[in-house]
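When reading the values below, keep in mind they use all heavy atoms of this one structure, side chains included, and skip hydrogens, waters and symmetry mates. Labels below follow one simple rule: chain letters A, B, ... track the order of the sequence lines, proteins then strands, and each chain is numbered from 1. Predicted, not measured: the structure shown is a model, and the values here were computed from it.
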Amino acid sequence: MSKEIAKTYEPSSHEDEIYKKWEESGFFNPDNLTGEPYSIMMPPPNVTGVLHLGHALENSLMDVMIRYQRMRGKKALLLPGTDHAAVATQAKVEKLLIEQGIKNPREELGREKLLEKIREYSEQSKATILTQIKKMGTSCDWSRLAYTFDEPRNKAVNEVFVRMYNDGLIYRGYRVVNWSVKGQSTCSDDELVHVERQAKLYTFKYGKDFPITIATTRPETKLGDTAVAVNPNDERYQEYIGKTYVVDVGAAKPLNIKIITDENVEMAFGTGALGVTPAHSAVDFEMYEKQKAKGEPIELIQVIGQDGKMTAAAGGNYVGLKVTEAREKFVEWLKGEDLLEKEEDITQSVGTSDRFGDVVESLPMTQWFVDVNKKIPGKGKSLRELIKEAVEIGHNNNPEQKININPERFEKVFFHWINNLRDWCISRQIWWGHRIPAWYKVNSKFEPEIYVGETPPSGEGWLQDEDTLDTWFSSGMWTFSTLNKSGDAEMFHPTSWMQMGYEILFLWMVRMILMSTYVRDEIPFKDVYIHGMLRDEKGEKFSKSKGNNIDPLEVIEKYGTDALRFSLLNSIAPGNDARFYFEKVEGARNLVNKLWNISRYISGNSNQNELDKEIDSKQFTASDIWILSKMKNLISEVTDDFEKFQFSQASEKLRIFTWDDLADWYLEAAKFEDNKETKGQLLTKINKDLLKLWHPFIPFVTEVIWHEMFNGELLLAGKWPKTDNYESLKEEKFELIKDVITSIRNARSENKVEPAKKIKAVIFAGSHMELIKSQSKLIINLRTGIEEIEILAKGDKPDNAIFITVGEIEIYLLGARDEAKEKIRLTKEIENLEKQIKIVEGKLNNQEFVERAPAAIIEKEKAKLAGWQIELEKLKNISE
RNA sequence: GGACGAUUAGCUCAGUUGGUUAGAGCGCUACAUUGACAUUGUAGAGGUCACAGGUUCGAAUCCUGUAUCGUCCACCA
């Protein structure tokens, strides 16, 4: 490092250049690396906009991991990509177009033109996202860049669809689905956001002569009721079960209401009877199916249409009305007929579309589904069982193929969830997405025909299904659909590690397990690391509507990428939410600068030519031995933390070593020690390994320093430090010296001694005579304000001195004592010691403690007590 | 309604199998003025670990319950 190097590190003048160097080096591409494969698939960000701080956190997590693994000598792959995010993107672009004055984009533009608009938008968004990923310093292999909607991924989607169809796992069925009127599309159960709202619960009868009272919050759907369900064990209704009543509530035709039984009806709730509307409730539809299977069918009457308005079946008074209008009208009618018995306010949770925002309707429709309960041919297990097995005992009961969820508590949530899994509706009526590979035609005998295949069928008259696939169908294959380069899948799958936020655990993780275990007969990843959400400083979610969004690029511009990365990684605990503070980033920036200056100092105080010479351990001082043992320990702990995904703990240990141990103690001491040559070698060795340990967290600054100081190969491809490179030196001598120095500083401060005032110290070192003598230079120079020092084994205590005791060592500071303040200080110390001694004595006098506690603990307590007792005695002597 | 978390210093948070006087950053107080770094240094104040029980020689840590907050799930019509 040359002398002109700036006093402060300026990220913006290095980062782009360094990233370019990394890219050009080829080390981002595992083809250029050797060793055991290690792979991470980047969860592809949606091309709905730009990246936010949450993405910055994810990029930091993935990159810290992949850099660590690369340095560990692995063939490391971090594969980047983006997600076309079907509904989300179309909804977004449609919204933009509406803002631009196009009232109904689908009608006005048509399929091809609208798709063109969406493609344009998504390409732009994609470009921005990729730039942002680079700005974060993410060391991913750009030669393998993937997109969920590009050709290789489309091929994979079609292949898997056809295979599942042929296995009978995908079926086309007429069922009640969630329908977003606003988006004119279905959505799956997992895409619903439940919102609490106020509603009215109406209790009524269909007619004067109807024997059972029912309750509902959706009176308008009652126009389509065809049954009343009661619990089979409910004695109140036994006599009515199986009977059918004809009622006229104003629908197009009088309703045939059959009294049926269902075990899920709770006797205690309301009247214990439930009006069954097969067309507009998933639960009721199930009853409809059950009745059909039993041979006692009930009718299905659809009274709400896809436009959210009442159908003709709802009757002349209702047809064409919005559901809310119809509701009022029906209630009016009930009142008029004196059928309404009760009207009460309740809070209700309703499902809304996560992308379009409207309350979804339940409508019966023909859609495509994935059957999660059907046995897979040749497997004897259902998809649900496959998913569960992979987390519970390992795929195919193979422990090597077990997915570990970290932190573990999310496994509980997973099992709870998997038991409630229902068939997955995968067809969407939007246009942006993978078109369903199914074709229809009517043959010469006027029978409908269907063809499902990877390529269009030959022959005339085939029309492809208009619908597209749920976006998770393609992103579920992400761990392997991305590995389409020859040999990649065998090399890198199952992937090694996957990080994700808990909010998409069930949306995404489960689908990846489903796809991978079914298609590849192996798990998608071995370890899942769940992180929490990043919130603003008030603890609120970042969102556009709140206007509290922060652009990572802004933060980077001001503080540098390293500072952003460190502040994010340092403040997260697995699975827990964290708040983002600019103060944190500022602190991180200061740390980066500290490391910069440490290196700057070291490079100025070591001779490059001596680096290869063997370090002469005979020249070691107490501080040398101390820092070397700290360093050895640091390497082992940081490595350990990485293996346990404890990133924030690793970074914290590095921070403490760097700032407290190295900068504040070791470098300060080094200034006053004589073994300059050895020191230079040691400093360089420690600096090198420290830069390596830091590199995954703060890649830019470490690479810049590395380049300035060592000029050799890139730190990116450096070898992770080994503890073996450090001798096992167990040494606590320097800790004692630190203690002596800190105590002197403290006593000066408490006595309010002027900083400039020089004082004399007399030390009775006892058995530490030799050590204290050898370290006297440090005791004098490290901000203790001592100019003269006298060291004896033992002696008569000097008068009028500040008295300090560090274990058996006695220190007297002459010429600085403030009678009153010293008295206060001594009293405080004595009180403190007495308190501690009392606690330990209490423990040791406790018969049960002595009998039952492990010997090591007891020994520790005894040693503690003995030390304190000596100190206390000395303090008492002096204060008399 | 169910499940899962959280509650530790003024603020934001660590605390890995129960064992020194419970830690850090920021903030605060007093001091230092450039010596690698003022994006700095030195010293200090500040906590009944939400509450109540229990297990244990010993609990922030394990168990039970309560309160408050948060998240997810759910077919109370």
Which nucleotide in the list B:rU39, B:rA77, B:rG5 gets nearest to the side chain of A:I346?
B:rA77

Taking the side chain of A:L201 as its heavy atoms from C-beta onward, which of B:rA36, B:rC73, B:rA77 lies nearest to it?
B:rA77

So what does A:N593 hit on the nucleic acid, given a heavy-atom distance under 4.0 Å: a base, only sugar-phosphate, or nothing?
base

I'd like to know if A:K200 pairs up with A:D345 as an ion pair, taking the criterion as any Lys NZ or Arg NE/NH1/NH2 lying under 4.0 Å from an Asp or Glu carboxylate oxygen.
yes

Quick one, A:L223 and A:T277 - any side-chain contact, counting heavy atoms below 4.5 Å?
no

Within the pair A:R579 and B:rU12, is there a side-chain N or O less than 4.0 Å away from OP1 or OP2?
yes

Does any residue of residues 274-287 of chain A have a heavy atom under 4.0 Å from RNA chain B, and if so, which ones, in number order?
A:L274, A:V283

Going by an N to O cut-off under 4.0 Å, is there a salt bridge joining A:D225 and A:K222?
yes

Any base atoms under 4.0 Å from A:A573, or only sugar-phosphate, or nothing? Heavy atoms, all strands.
sugar-phosphate

Can you check whether A:Q649 has a side-chain N or O nearer than 4.0 Å to OP1 or OP2 of B:rU16?
no

Electrostatic pair A:R218:A:E220 at N-O distance under 4.0 angstrom
yes

Salt-bridge contact A:E673-A:K777 (side-chain N to carboxylate O under 4.0 Å)
no

Is there a donor-acceptor pair under 3.5 Å between the side chain of A:N406 and the backbone N or O of A:E408?
no

Please state the C1' separation for the pair B:rU12 and B:rG27 - nearest whole angstrom.
11 Å

Regarding A:T216, tell me which of base, sugar-phosphate or nothing describes its non-hydrogen contacts under 4.0 Å with the strands shown.
sugar-phosphate

Hey, which sits more toward the 5' end of RNA chain B by its nearest nucleotide, A:R422 or A:T742?
A:T742

I'd like to know if A:E286 and A:R422 make a salt bridge, using a cut-off of under 4.0 Å between side-chain N and carboxylate O.
yes

Base-paired stems that RNA chain B participates in, counting runs of 3 or more Watson-Crick or G-U pairs under 3.5 Å
B:1-7 with B:67-73, B:10-13 with B:23-26, B:28-32 with B:40-44, B:50-54 with B:62-66

Regarding the side chain of A:K594, the nearest nucleotide among B:rU12, B:rU40, B:rG44 is B:rU40

B:rA14, B:rU42, B:rA74: which one has an atom nearest the side-chain heavy atoms of A:N576?
B:rA14

Going by salt bridge (Lys or Arg N to Asp or Glu O under 4.0 Å), name the pairs with one or both residues in residues 832-846 of chain A, residues two or more places apart or in two chains.
A:E834-A:K876, A:K843-A:E861

So, are A:K828 and A:E750 salt-bridged, with charged N and O less than 4.0 Å apart?
yes

Donor-acceptor list for residues 263-276 of chain A side chains, cut-off 3.5 Å, not counting sequence neighbours:
unit_1 : atom_1 : unit_2 : atom_2 : d
A:T271 : OG1    : A:T213 : O      : 2.6
A:T271 : OG1    : A:A273 : N      : 3.4

Of all the nucleotides listed (B:rU71, B:rU42, B:rC4), which has the minimum atom distance to the side chain of A:R535?
B:rU71

Please list, for nucleotides 17-23 of chain B, all pairs of protein and nucleotide N/O atoms separated by less than 3.5 Å.
unit_1 : atom_1 : unit_2 : atom_2 : d
B:rU20 : O3'    : A:K864 : NZ     : 2.8
B:rU21 : OP1    : A:K864 : NZ     : 3.1
B:rU21 : O4'    : A:Q836 : OE1    : 3.2

Which sits closer to the 5' end of RNA chain B, A:W417 or A:E537, going by the nucleotide each is nearest to?
A:E537

Test your reading of the model: is there a side-chain donor-acceptor pair from A:N597 to the backbone of A:K7, 3.5 Å cut-off?
yes

Is any side-chain nitrogen or oxygen of A:H194 closer than 4.0 Å to OP1 or OP2 of B:rA74?
yes

Are any non-hydrogen side-chain atoms of A:F657 and A:W694 less than 4.5 angstrom apart?
no

Report the nucleotide, chosen from B:rC4, B:rG44, B:rU71, that has the shortest atom-to-atom distance to any side-chain atom of A:K412.
B:rC4

Side chain of A:R655 only, please: which of B:rG25, B:rA77, B:rU12 is the nearest?
B:rG25

Base, sugar-phosphate or nothing for A:R825? Non-hydrogen atoms, less than 4.0 Å.
nothing

Measuring from the side chain of A:F506 (C-beta onward, heavy atoms only), which nucleotide among B:rU12, B:rC37, B:rC72 has the closest atom?
B:rC72

Can you identify which nucleotide, out of B:rA36, B:rU42, B:rC26, has its nearest atom closest to the A:E583 side chain?
B:rC26

Across the strands shown, which category fits A:E668 at heavy-atom distances under 4.0 angstrom: base, sugar-phosphate, nothing?
base

Under the side chain to side chain donor-acceptor pair (under 3.5 Å) rule, what do A:S606 and A:T684 come out as? Steps first, then yes or no, please.
CA-CA 7 Å; A:S606 57; A:T684 306; 3.3 Å; yes

Could A:R655 and A:D660 be called an ion pair, given the rule that one side-chain N must be under 4.0 Å from one carboxylate O?
no

State whether A:R745 places a side-chain N or O below 4.0 Å from either non-bridging phosphate oxygen (OP1 or OP2) of B:rA43.
yes

Salt-bridge criterion met for A:D536 and A:R579 (N-O under 4.0 Å):
no

Using a cutoff of under 3.5 Å, can you pull out all pairs of nitrogen or oxygen atoms linking the protein to nucleotides 30-35 of chain B, with atom names and distances?
none

Among B:rA77, B:rA43, B:rA36, the one nearest A:T217 by side-chain distance:
B:rA77

